[in-house]
Every structure is written in C-alpha cells, then in structure tokens.
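The structure is given below, and queries will be raised subsequently.
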Amino acid sequence: MICRSGSVFTSTSGVREKNLFLQSLYEEEHDRLGSTTGKSESHREISDKDIVESLENGVQFWTDFSKTHYHPQSLYQLSGLWVDPMEFDNYGIGKDVFSESSRGDEISERLRFFTEESDHIQGFQFIADDSGGFSALSADLLESIVDDYPSTPVVLYTVRGPAYQVNPRDRKRTVSSNIHDAISFSRLSSLSKLIVPLGLPSLSTSKACSFLQIKDEKPYHSSAVYAAAIHSIGLPFRMDTLGPTVSSSYASGALDVNGMIQTLAGQARQNQVAILDIAMPAPTLSGSFLRNLESLTPEISEDVEDVHTVESMVVHGALGSGSHRASIAEVTDAVNAEYEAASTRPIFCHLSTARCPLPIPLPFPSIFGNRVGQNGELLSNPDPPSTSSSSSRGSLDVHSIPIAARLRSSAAILPFLENRLQNLGRLGIRLGAPASELVRSWGFGKDELEDMEQSLSKMVAALDPRSEYSSESD
C-alpha cells in the first residue's frame, strides 16, 4: 500500500499458479505424508513428458524448477525495494541495500547460524550475479564475511547470463555498463582470495556448448551450464577429507578450499583471477580432454602460451571404450599421457577424478544435442528425442553425463583485466571522463577510484611484467 498526498494506492499481484513440476512435487509430498489415499487423479495425469515440456516453455524463476527443501534460514527476501528487477541494473542502485533497514545484520545472522553448526569451515564458495545492483550487495556482504571470519578463505564466482549484454549502439548504457564492470570487479576481487569470472556474451554459439542446444534468451538454459561447471570444479571439496594423496576406487585428488586457492593463487606471481573451462559432456578416454576443454570465462586470449600456467582439473564420470565407466587409474593415466604429449604444459596441475557422472534430474533443461546419448556418450547414429516438440534432448533421454572442468591461472586472463583497468581510467578518472558524474552519484570519490586503478594495475603487472602498468604499480 502506497500513500501519496492523502491518496492511497494499493499494489497487488495475483497468486502464481504452480507449474506441472511443482504440482507433481506437491502431490508426491501429500502421498508420502499419507494425507491422501493413494495417488490423486491429477497426479496420475501428470506425465514426465508433460512436465519436461511445461518447464521448457514456462520457466520464469529458479523456484519453478527447484526441488530442494531449504532450511528456513537459507533464504532471505529483499523486501521494500520497490524496484523493477530489470532496473536493478547498476552498482549504484544496490550500494546501500545491505546496510538499509538492518538487512545486513539479518543476513549475517542467518549465515552465523550455519557457521556455528559446523565443526570446521573449509571456506566460503560465493556465487554472485555481478551484472547489476546485486554486485554492490554482494560486495557489502563479502566485506562483512571477511571482517567476521578473517582466517576463512573465499572463492568467488561472478556469473551473468547472455541476456545481460548491452547494445553497443546505446552509448549511454555502454558507458554505464563498462564503468559498472570495472568498479564491480575491483570491489569484489579485493574481498576474495580467488575470483572466477563467468558469463560469455553468447553460450549458444560458444565452443563450450558444441554438443548442447542453448537458447541465450533463457536463463533456465545458461544457468544449467554454469551450475554444472561450478558443481564439478568444487567436487574435490566434497571428497573424502583424508587428504589429496589418498586414492580409492571411486575418487582421487581431494582438495579443500584453501588448498585450491594455494594451488592457483599462491604461486610466485600471486594471480587471484582464474579461468574456468569445461567439456560438457567430456569425451571418452580415446578422445582428448585437453582439446575439448573450452572457456566459460569471457574476454580471454585464446592462443596465449604461458609457461607459468597453473591448473586444477576435475574429471568425473568419464567413459572408456564400449561406454563403460572408466576407472580412476584409467582416467589418471589418460590425462597424464595427454599432458606429457602436449607442446606446452602447465608448471603444475592438480588432478581430481571421480567415477560418479553428473546426474541429470527431471527438471534439468532440455539442452543436449541429438548426438548426446543416455549416459553422455556421443552417438554416431542418434535416435530422435522423446519430446517431439524439440530437437534437443533432456532428462528423459539423457540420464547422466561425464564432465571435465578446469580452473587455470594463466596470462590468458589479461584482456579481461586490461579492459576493466582501461575503462576505469578512461571513463571514471581522467579529466573529462564521461562517467565521472555517474560514479560520483554512486558514492565513489576520485581517491577510491584511483585506489581501484592501482589494484587492477598490480593484477595486470603480475601477469605481464613488461606491461606499461608494471612500473605504475611499483
């Protein structure tokens, strides 16, 4: 209810109807609790095929396809903003959200509830949409986490969908977007030990999705790819904690969060910005894992040769000849043989392997091409998909897939860093900078911007000592 000059305006929204997937979960829960006698008629009429097609055509929010039971303390709703989600699109608009109305304290208390329940905290894996106002909110939350847990490392994934991309002909929005990206990255990277930028301009045309059929306009599609990559690269954190040298017949190469950070960012040049590559699905052992890994990190050099590269690689669910699940030893030998034969090799690579593939549950989007088989194998003579309305395959046709994922610390990230450094100076700091008034309205003074510029210069100089910025950062 909003009051203006004595008038009262009431804003209401209708109850959003549950889609077929959520209806089926509701019916299953009632059956499980015994609140009904047998399955209801409506439940029997909902087929898996109808559910998949309903999701493919009707998903608008992540709650439309989530089947997770969340703890009451897990979710926090930002109420009282009165901002359309599409307008929550820059750093300035989210800058005070965390501190207003005790939100920061309330969010921190929810986090503290879980940390106090933990016997040991490896670290924080933080996923942030850095394309708009949530970047500022994330920075403020991270700052609070760093203050409250100073010895606990943070790995940050900044993720944005293809729909975020700005039309370059729109000069005003392009300037705002570029200065936002520079400030957002500078703030977020200063609050994490390792940062992994994700978000290609187009997933549908990327090499990383050669065997997928992605619709860029659907966050339902792009979020599945990024979620699969983050899930896979974090697999070593969830392995047996006996140590990285302990191997079993099911998994090998356990690593905790701090170990991952030390591997990638704790080497001689201290680079904290990593590139995430993925092969989805991964090839069989007779193929090449290294040649099929493609980047999900934007604005990188494709052909750079960096002798100081450091990598952490995860392969799980790999298939051997005859589409049987390869053993840990077979995968390890195949990857080591590839590195031995490669013309350029990293100075160090940590390998983690597991026999379990990535499961494809019912609500997973139908993003697989018709060459992807039931277990993620690549078919030479593919059968038509189960859903006749689409040429892509989903959970009815593909039950699991092998994944290879890799984090690498490499000079290939230089274009990403240089673009943000140059835009910060050109658009926000230099005399007559077109975004100087904008960043001032966001609450940033020249001194703060110059500090950010200095930090970005050091990142560039660490990867390229011959750069023009190396002397400036000394």
Side-chain angles (χ1 to χ4, degrees), residues 20-21 24-25 28 46-57 59 65-67 203-204 206-215 218 220-233 235 249-251 278-289 291-294 314-328 330-331 334-335 353-405:
L20 292 182
F21 174 64
S24 69
L25 293 182
E28 287 175 9
I46 303 176
S47 69
D48 287 349
K49 180 178 178 181
D50 290 337
I51 289 173
V52 168
E53 292 188 350
S54 168
L55 289 170
E56 197 60 37
N57 298 321
V59 164
F65 57 85
S66 175
K67 63 184 296 183
L203 270 178
S204 62
S206 69
K207 295 178 181 178
C209 296
S210 299
F211 300 108
L212 307 179
Q213 293 190 6
I214 302 293
K215 293 182 179 178
K218 290 187 175 184
Y220 180 42
H221 283 194
S222 55
S223 63
V225 176
Y226 294 124
I230 293 172
H231 167 86
S232 298
I233 205 64
L235 192 60
S249 57
Y250 300 102
I278 193 172
M280 181 178 178
T284 61
L285 295 188
S286 59
S288 169
F289 291 113
R291 285 199 299 271
N292 281 275
L293 284 164
E294 299 291 349
V314 177
V315 180
H316 64 111
L319 297 171
S321 58
S323 295
H324 80 278
R325 199 70 63 193
S327 69
I328 298 300
E330 288 174 325
V331 175
V335 173
T353 59
R355 297 199 69 188
C356 61
L358 179 75
I360 306 299
L362 183 63
F364 201 90
S366 299
I367 59 173
F368 299 104
N370 63 1
R371 285 195 60 198
V372 181
Q374 186 177 84
N375 298 311
E377 72 277 18
L378 296 180
L379 305 172
S380 53
N381 297 301
D383 296 323
S386 296
T387 52
S388 57
S389 61
S390 173
S391 60
S392 58
R393 293 169 177 259
S395 57
L396 302 183
D397 305 290
V398 181
H399 298 167
S400 66
I401 59 169
I403 293 271

Separation between CD1 of Ile51 and CD1 of Ile46, rounded to the nearest 0.5 Å: 6.0 Å
Nearest heavy atoms of Leu293 and Ala404, plus distance in Å: CD2-O, 3.4 Å
Ser395 (side chain) donor-acceptor with Phe364 (main chain) under 3.5 angstrom: no
Test side-chain contact (heavy atoms from CB on, under 4.5 Å) applied to Met280 and Leu212, step by step: CA-CA 8 Å; Met280 181 178 178; Leu212 307 179; 4.2 Å; yes
Ser204: side-chain contact (heavy atoms from CB on, under 4.5 Å) partners, not counting sequence neighbours: Ser202, Ile214, Asp216
Donor-acceptor pair, side chain of Glu56 and main chain of Ser366, under 3.5 angstrom: yes
Donor-acceptor pair, side chain of Ser232 and main chain of Ala228, under 3.5 angstrom: yes
Expected output: side-chain Arg393 to main-chain Val398 donor-acceptor under 3.5 Å: no
Heavy-atom side-chain contact between Leu362 and Leu396 under 4.5 Å: yes
Validation row: Asn375, Ser323 side chains within 4.5 angstrom (heavy atoms): no
Distance (rounded to the nearest 0.5 Å) between Ile328 CD1 and Arg355 CZ: 7.0 Å
Atom pair CD (Gln374) and OG (Ser400), whose distance is rounded to the nearest 0.5 Å: 8.0 Å
Contact check, side chains of Ser206 and Leu203, non-hydrogen atoms, under 4.5 Å: yes
Flag, side chain of Ser210 to backbone of Lys207, donor-acceptor distance under 3.5 Å: yes
Ile403 side chain reached by Val315 side chain, heavy atoms, under 4.5 Å: no
Donor + acceptor pair across side chains of His316, Thr353 (<3.5 Å): no
pair Thr284-Glu377: side-chain heavy atoms closer than 4.5 Å: no
Exam field: side chain Asn57 to backbone Glu53, donor-acceptor pair closer than 3.5 Å: yes
side-chain hydrogen bond (donor to acceptor under 3.5 Å, both in side chains) against Ser327, all qualifying residues, sequence neighbours excluded: Glu330
Interatomic spacing from CD in Glu28 to NZ in Lys67 - rounded to 0.5 Å: 7.0 Å
Phe368 ring center within less than 6.0 Å of Phe211 ring center: no
Lys215 backbone acceptor or donor facing His221 side chain under 3.5 Å: yes
Closest non-hydrogen atom pair between Pro402 and Pro357, with its separation: N-CB, 4.5 Å
